[in-house]
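Report on the following structure.
Every chain is numbered from 1, with letters handed out A, B, ... down the list of sequences.
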There are 2 protein chains.
Amino acid sequence: MSPQTNHSLSVDCVIFGFDGHSLKVLLVEREFVDGRGEKIVDYKLPGNLIFENEDLRTSAYRTLAEYTSTRDIYLRQLHVFSRPDRVSGDELRWLNEYYRVNTTRVVTVAYYSLVKLDSRLIACAADKGARWFDVESVNRLAMDHKTILAQALEMLNRQLMTEPIAFELLSSRFTLRQLQMLYEAILGIEIDNRNFRKKVLSSGYIRETGEKEKNVSHKPAAYYTFDKQKYQKDVRQKFRLNFINWQL
Amino acid sequence: MSPQTNHSLSVDCVIFGFDGHSLKVLLVEREFVDGRGEKIVDYKLPGNLIFENEDLRTSAYRTLAEYTSTRDIYLRQLHVFSRPDRVSGDELRWLNEYYRVNTTRVVTVAYYSLVKLDSRLIACAADKGARWFDVESVNRLAMDHKTILAQALEMLNRQLMTEPIAFELLSSRFTLRQLQMLYEAILGIEIDNRNFRKKVLSSGYIRETGEKEKNVSHKPAAYYTFDKQKYQKDVRQKFRLNFINWQL
DNA sequence: GCAAAAGTGTTTCATGTACACCCATGT
DNA sequence: ACATGGGTGTACATGAAACACTTTTGC
């Protein structure tokens, strides 16, 4: 056996968003013709082949920018998927055509990222043939992308319990109820709101803005922000905190 | 710009062992001639280029087997390192010569693994030009391997606090003191032994073997084992446990 | 004034932490 | 008999969980 030579490296991004009710993921429509000449339409994660002289992270940001027109996004490496036959047959043919290459094997590095979902982003995705899907309702995906999505979800769950990343999914000004809904929706649990507020506020990283909701037919909620500077300073000083650990 | 074509994928393994006192890492001696014709000897992590038709994980196991003659080893993917110039100049020349390839860029996937260090392993490593170094005393390493090692250490620390992986570093029969020493050495903290025993034993995964130390000039310690089956069953049933969290 | 969501405190229980002495063995 | 590390229990502090009612707004 000899070292692999004719292979490619790709990046696939699992981009999560939260619309206030459920967790969404960005998927790209793909059209291709299978071996029997039939046209197939399915969905895949946004991705790219890496360029020469380009970092994987840079490549991931390039992909993100393509579908969101923004670079100010939480991004993290997830896992490498390297089964030799993960892209083969019709799918390999599609890929070689699409990227105008001639490769026999594609190893992909999955990244996962979190965005503050808004109407601009939804429109932006639609422009590029992509759509935000409810995570729960995703069935089949191209190649091994379903596996990648599952692993990203697992990571998101774990991270949500141990790091303050929820704020990457919310606009910078949010109500505590929105924050709680996010935890409940993603973790699939119910949380007592008194205990939730106590825990969150006692962290010391949630600041009142002084502003309140307007034009709501109930008691208006106060808006808060997350003090990221303070958090990062504390982390650097090794004051590791137990941000939230409803881990059972 | 166009997709990268002439590149290679490698696997590098950070293999940790524990000798009862301090954390060790396996490093391989490398000899090469630099641009000025001077012979340089340094150390690197054990690694390989991936073969055609070979999984990354398989490639990592191949590397492990090379230096330990065993496959029964804890192994986990860590991170991909992809800086375009991470292997360049003399080092790239060395690599092309060593593996008899002709590549312009090497992206590496780091794996980290834990072994039960014993005299057989030490001898086995020596046979292959490798040595077990005290982690604290590692200075310079080839390429970006120092960075990789640092990241593996961070992962080990985090995992030690949240998962029962300590047992991958101890022989299957161990005393509680040995276990405690391991935590203290790796995390760099002191632990009260009464509290340690209480916590560890109350987990329900530590079983007495009934055997005791022999020929020691003090009260002989009891040997215990870790009930991995029970732990894995509980994990599968989503009874996530908080194994140890002396995290701060 | 009523519907709808926001906001607020106390008690109980489990878990973490601090702390000091006796025990079993080899020499 | 003494040196060496093994092994044990209790009291206190902290944090999680359970639980129900009042407040503010738009209509």
Side-chain angles (χ1 to χ4, degrees), chain A residues 20-21 160-162 164 170 173-185 187-225 234 239-248, chain B residues 19-21 160-162 164 170 173-185 187 189-225 234 239-248:
Chain A
H21 299 285
L160 201 57
M161 294 190 293
T162 53
L170 293 175
R173 220 179 55 157
F174 53 86
T175 69
L176 293 185
R177 185 66 61 165
Q178 289 172 330
L179 184 62
Q180 184 178 341
M181 295 272 286
L182 188 153
Y183 273 91
E184 291 185 331
L187 300 179
I189 55 175
E190 289 207 337
I191 306 173
D192 178 278
N193 80 76
R194 283 169 289 193
N195 292 337
F196 182 80
R197 296 173 145 261
K198 231 180 302 172
K199 171 121 191 182
V200 164
L201 292 174
S202 73
S203 75
Y205 299 114
I206 305 292
R207 285 209 324 257
E208 270 192 276
T209 61
E211 295 158 293
K212 294 190 167 200
E213 282 180 326
K214 280 180 183 152
N215 299 316
V216 288
S217 71
H218 55 76
K219 181 169 175 177
Y223 282 117
Y224 292 84
T225 54
D234 286 358
F239 278 101
R240 290 275 182 92
L241 83 168
N242 232 14
F243 190 75
I244 280 204
N245 48 336
W246 289 299
Q247 60 200 9
L248 185 233
Chain B
D19 69 356
H21 299 285
L160 201 56
M161 295 189 293
T162 53
L170 293 175
R173 219 179 55 158
F174 53 86
T175 68
L176 294 185
R177 186 67 61 165
Q178 289 173 328
L179 184 61
Q180 183 178 341
M181 295 270 286
L182 188 153
Y183 274 91
E184 292 184 331
L187 300 178
I189 55 176
E190 290 208 335
I191 306 173
D192 178 278
N193 81 75
R194 282 168 290 193
N195 293 337
F196 182 81
R197 295 172 146 262
K198 231 180 304 173
K199 171 121 194 184
V200 164
L201 293 174
S202 72
S203 75
Y205 299 113
I206 306 291
R207 284 208 325 256
E208 268 191 275
T209 62
E211 295 159 293
K212 294 190 166 199
E213 284 179 325
K214 279 180 182 152
N215 300 315
V216 288
S217 69
H218 55 77
K219 181 171 176 177
Y223 284 117
Y224 293 83
T225 54
D234 286 358
F239 279 101
R240 290 276 183 91
L241 84 167
N242 232 14
F243 191 75
I244 280 203
N245 48 337
W246 289 298
Q247 60 200 9
L248 195 231

Problem - Note, A/N195 side chain near A/K199 side chain (heavy atom, < 4.5 Å) - result: no

Exercise for the section: Among D/dA16, C/dG7, D/dG7, find the nucleotide with the atom closest to the side chain of A/A222. Expected result: C/dG7

Handout entry: Whole-Å distance separating the CG atom of B/L201 from the C1' atom of D/dG9
Key = 14 Å

Practice task
Measure the distance from CD on B/E211 to C1' on D/dG6 and round it to the nearest whole Å.
Solution key: 17 Å

Handout entry: Flag side-chain contact, heavy atom, 4.5 Å: A/Y224 against A/T175
Key = no

Practice task
Check for a donor-acceptor pair, side chain of A/E190 on one end and backbone N or O of A/E184 on the other, with a separation under 3.5 Å.
Solution key: no

Problem - Length of the OH-P vector between A/Y223 and C/dG7, whole Å - result: 11 Å

Fill in the blank from the handout: Contact string for nucleotides 19-27 of chain D, one letter per nucleotide 5' to 3', B = base within protein heavy-atom range under 4.0 Å, S = sugar-phosphate only, - = neither, reads BB--BBBS-

Problem - Rounded distance (Å) that lies between atom C1' of C/dT15 and atom CZ of B/F196 - result: 17 Å

Practice task
Can you tell me the distance, in whole Å, between the CD1 atom of A/I191 and the P atom of D/dA18?
Solution key: 12 Å

Completion exercise
d(A/L182 CG, A/F174 CZ) to nearest 0.5 Å is 10.0 Å

Exercise for the section: Rounded off to whole Å, could you give me the CE-to-P distance for the B/M181 and D/dG7 pair? Expected result: 14 Å

Completion exercise
All heavy atoms of A/E208 vs all of A/A222, minimum pair found to be OE2-CB, 4.4 Å

Practice task
Please state how far atom CG in A/L176 lies from atom C1' in C/dA5, giving the value in whole angstrom units.
Solution key: 13 Å

Handout entry: Whole-Å gap separating C1' (C/dA6) and CD (A/E208)
Key = 13 Å

Problem - Separation between CG of B/L179 and CG of B/N193, rounded to the nearest 0.5 Å - result: 12.0 Å

